[in-house]
Amino acid sequence: MKGTKFQIKVWKYLMKIPKGKVKTYKQVAIGINRPKSARAVANACSKNPYAPTVPCHRVIKSDGSIGGFSGPGGKIYKEKLLKKEGFSL
DNA sequence: CACATGACCTAAC
DNA sequence: TGTTAGGCCATGT
């Protein structure tokens, strides 16, 4: 686990997210005691080198949209993954 | 330190 | 409904 303090905090918080659940970037930002760092949170997720370890795919926008995802299939992969995990409204 | 980038948020047209 | 503009934060150059 290497990275900045901020990233570590974000990744740790993401790991705490129960399977089948999703959080918004804002919620995560608030969780790490940085209510106004939604952008930085998204940044940390995109830079997260522990993709499967850190469920960055369980983080969505405040609107409930997938947001984005850097990887195979992009947001499509994220959508499918969430559905597989049980994320169904 | 200044500038640029990004998976954001909100308001306004 | 789609686009623009401003604000916000962390990171890298």
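Below, chain A is the first sequence line, B the second, and so on; all start at residue 1.
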What distance do A/Ile30 atom CD1 and A/Lys23 atom NZ have between them, rounded to the nearest 0.5 Å?
-> 10.0 Å

At what distance, to the nearest 0.5 angstrom, does CZ of A/Phe6 lie from CZ of A/Arg34?
-> 7.0 Å

Which donor-acceptor pairs under 3.5 Å do side chains of residues 53-68 of chain A form with protein atoms, sequence neighbours excluded?
| unit_1 | atom_1 | unit_2 | atom_2 | d |
| --- | --- | --- | --- | --- |
| A/His57 | NE2 | A/Glu85 | OE2 | 3.4 |
| A/Arg58 | NE | A/Glu85 | OE1 | 2.8 |
| A/Arg58 | NH1 | A/Ile17 | O | 2.9 |
| A/Arg58 | NH2 | A/Glu85 | OE1 | 3.1 |
| A/Arg58 | NH2 | A/Glu85 | OE2 | 3.4 |

Find the distance A/Gln7:CD to B/dG6:P and express it as a whole number of Å.
-> 16 Å

Does one hydrophobic cluster hold both A/Val10 and A/Tyr50, with members joined at side-chain heavy-atom distances below 4.5 Å?
-> yes

If every non-hydrogen atom of A/Met1 is compared with every non-hydrogen atom of A/Trp11, which pair is closest and at what distance?
-> SD-CE3, 3.4 Å

Between protein and nucleotides 7-13 of chain B, map the contacts as a letter string: B base, S sugar-phosphate only, - none, heavy atoms under 4.0 Å, written 5' to 3'.
-> BBSS---

